[in-house]
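See structure below.
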Amino acid sequence: MKGNFIFINTNPISNMILSSGITAADYVNGLDELPDNIILLNSDEDAANGFNSHSRFNLITGAGEIRRYLLRNPSKQKKFIDFNDEDSVNGLSPFEIAELLYLGHMGTPMGRPFSSKLLNHYIYLNLGNGATRTYYRRFSDVNHVLEIALKRNLREIHNTLRVFLRPLAIKDVDNSILIKLITRANDGLFIVFGALREKNRVYHIPLRVLKDPDQVSIILKTKEIEINTDYVGDLTYDLQHSKWDLQWHSQATDV
């Protein structure tokens with residue numbers, strides 16, 4: 001089972017999402033509004049259009065430039081935290097600068113992910129092996145990002161199955177379904193598009209949860225999903241009625 005999938009592991013206490021299969025384009029298209037200023041935590045000098053001499057961080061200013069940065073070179077690692085204005089960066093203490101260096105290097109914050117000085121709303125950290133850790137000050141922002149990723153993956157799978165038909169116009173996912181998926185993802189959830197089944201013009205996309213959350217990095221690297229997860233249900237899309245639904249199973253069984 002090494003086909004297309006979305007993986008999400010949510011932590012609403014820290015407003016964190018660990019994901020794979022959600023692209024930078026999904027992130028850009030899913031946010032209502034991109035930030036106007038970001039600090040590049042991996043010192044990407046080529047991408048920067050600004051530099052802060054106090055913190056010695058490279059910056060990008062302007063939502064359009066940030067959009068281009070995220071969409072350009074999809075395979076290149078990107079790490080950033082947004083900020084309100086450059087005065088807030090100039091006000092960082094040596095310890096707070098060290099916290100940002102730790103964040104960029106280790107891929108996780110030392111303390112809270114949201115700075116009272118920077119007034120940031122987002123943190124975006126590519127971790128390698130296709131995994132990304134993101135933080136949202138308003139946790140509900142992740143709903144639309146996930147929706148965009150679900151629709152894109154389904155459209156891509158549909159196009160490979162039905163190459164001579166017109167592209168599929170996919171309806172929006174009900175917010176209640178998104179919330180249920182995100183809540184179940186507290187245990188680490190795989191939405192396995194590569195194992196999609198069609199029955200009576202309904203697409204069934206298997207949902208699987210991790211058996212051992214501590215093994216997630218290995219599973220994302222090896223893509224050995226089936227033997228390391230339990231089947232818990234299906235996310236479905238009815239082609240005839242253009243309708244999403246969830247089918248949970250009370251006991252874990254194999255697909």
Side-chain angles (χ1 to χ4, degrees), residues 1-10 17-30 70-71 73-78 124 126-134 142-173 177-178 180-182 184-185 187-199 201-211 215-239 242-249 254-255:
M1 191 181 292
K2 295 188 178 182
N4 297 339
F5 65 87
I6 292 173
F7 170 77
I8 49 174
N9 191 357
T10 60
I17 301 282
L18 177 66
S19 66
S20 184
I22 296 178
T23 67
D26 297 330
Y27 185 82
V28 167
N29 294 324
L70 282 167
L71 297 181
N73 300 327
S75 61
K76 187 173 183 179
Q77 251 190 6
K78 298 176 175 71
Y124 185 96
N126 286 148
L127 304 177
N129 295 325
T132 302
R133 182 174 286 125
T134 49
V142 75
N143 293 13
H144 194 215
V145 175
L146 176 60
E147 179 187 25
I148 293 293
L150 291 172
K151 292 169 68 175
R152 175 184 56 79
N153 274 273
L154 183 60
R155 188 179 300 110
E156 290 172 356
I157 289 289
H158 176 84
N159 290 345
T160 62
L161 296 174
R162 300 166 182 265
V163 292
F164 299 113
L165 297 182
R166 63 183 180 181
L168 179 65
I170 301 173
K171 293 293 185 181
D172 292 343
V173 187
I177 292 176
L178 295 170
K180 288 174 183 175
L181 289 172
I182 290 166
R184 193 61 185 261
D187 299 321
L189 178 70
F190 284 90
I191 306 167
V192 192
F193 287 88
L196 176 146
R197 311 180 310 278
E198 182 182 357
K199 183 178 180 181
R201 290 184 54 77
V202 176
Y203 284 147
H204 293 256
I205 307 154
L207 303 172
R208 308 186 70 97
V209 296
L210 288 168
K211 292 179 180 177
Q215 298 297 310
V216 61
S217 60
I218 297 172
I219 298 166
L220 292 177
K221 183 177 180 179
T222 63
K223 306 296 191 294
E224 295 290 349
I225 298 171
E226 187 170 4
I227 62 173
N228 292 293
T229 58
D230 291 317
Y231 170 61
V232 294
D234 292 325
L235 174 66
T236 66
Y237 188 77
D238 187 322
L239 293 166
S242 300
K243 180 177 173 59
W244 293 91
D245 204 356
L246 276 175
Q247 298 177 353
W248 297 114
H249 291 256
D254 209 347
V255 288

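Scanning for salt bridge (charged side-chain N to carboxylate O under 4.0 Å, His left out) contacts around Arg184 gives an empty result, with sequence neighbours left out. Applying the side chain to side chain donor-acceptor pair (under 3.5 Å) test to Asn153 and every residue at least two apart in sequence or in another chain returns nothing.
Residues His144 and Asn29 approach most closely at CE1-O, 3.8 Å, considering heavy atoms. Residues Phe5 and Lys223 come closest through the heavy atom pair CE2-CD, 3.5 Å. Here the closest non-hydrogen pair linking Leu70 and Ala24 is O-CB, 3.3 Å. Closest approach of Val145 to Tyr27, counting heavy atoms only: CG1-CA, 4.0 Å. The two residues Arg197 and Tyr231 make their nearest non-hydrogen contact at NH2-OH, 4.2 Å. In plain terms, the two heavy atoms of Glu147 and Val173 that are nearest each other are OE2-N, 2.8 Å.
Between the side chain of Asp245 and the main chain of Thr236, no donor-acceptor pair closer than 3.5 Å is present. The backbone N or O of Lys171 sits nowhere less than 3.5 Å from a side-chain atom of Ser242 that would complete a donor-acceptor pair.
The aromatic rings of Tyr203 and His158 sit perpendicular to each other, their planes meeting at more than 60°, with 30° as the lower class boundary.
Residues Leu207 and Leu181 meet the side-chain proximity criterion, which asks for heavy atoms closer than 4.5 Å. Side-chain contact between Thr132 and Ile22 is absent, with no heavy atoms from C-beta onward closer than 4.5 Å. Residues Leu210 and Gln215 fail the side-chain proximity criterion, which asks for heavy atoms closer than 4.5 Å. Using a 4.5 Å heavy-atom threshold, the side chains of Lys151 and Asp172 count as touching. Using a 4.5 Å cut-off on side-chain heavy atoms (C-beta onward), Ile205 and Asp234 make no contact. Counting only heavy atoms from C-beta outward, the side chains of Leu220 and Phe190 approach each other to under 4.5 Å.
Rounded to the nearest 0.5 Å, atoms CG (Leu235) and CG (Leu154) are 8.5 Å apart. Note that the CD1 atom of Ile227 and the CD1 atom of Ile219 stand 8.5 Å from one another [nearest 0.5 Å]. Between the CZ atom of Arg208 and the CD atom of Glu226 there is a distance of 5.0 Å, given to the nearest 0.5 Å. Note that CG of Leu146 and CD1 of Ile182 are 5.5 Å apart. Values are rounded to the nearest 0.5 Å. Note that the CD atom of Glu156 and the CG atom of Asn4 stand 6.5 Å from one another [nearest 0.5 Å]. Expressed to the nearest 0.5 Å, how far CD1 of Ile191 lies from CG of Leu150 amounts to 5.0 Å.
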Go through it in stages, so that I can follow the logic: the residues are Ile225 and Phe7, the test is side-chain contact (heavy atoms from CB on, under 4.5 Å), and I'd like the CA-CA distance, side-chain angles, deciding distance and then a yes or no. CA-CA 10 Å; Ile225 298 171; Phe7 170 77; over 6 Å; no
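Other residues, nucleotides and ligands place no more than 12 heavy atoms under 6.0 Å from the NZ atom of Lys221.
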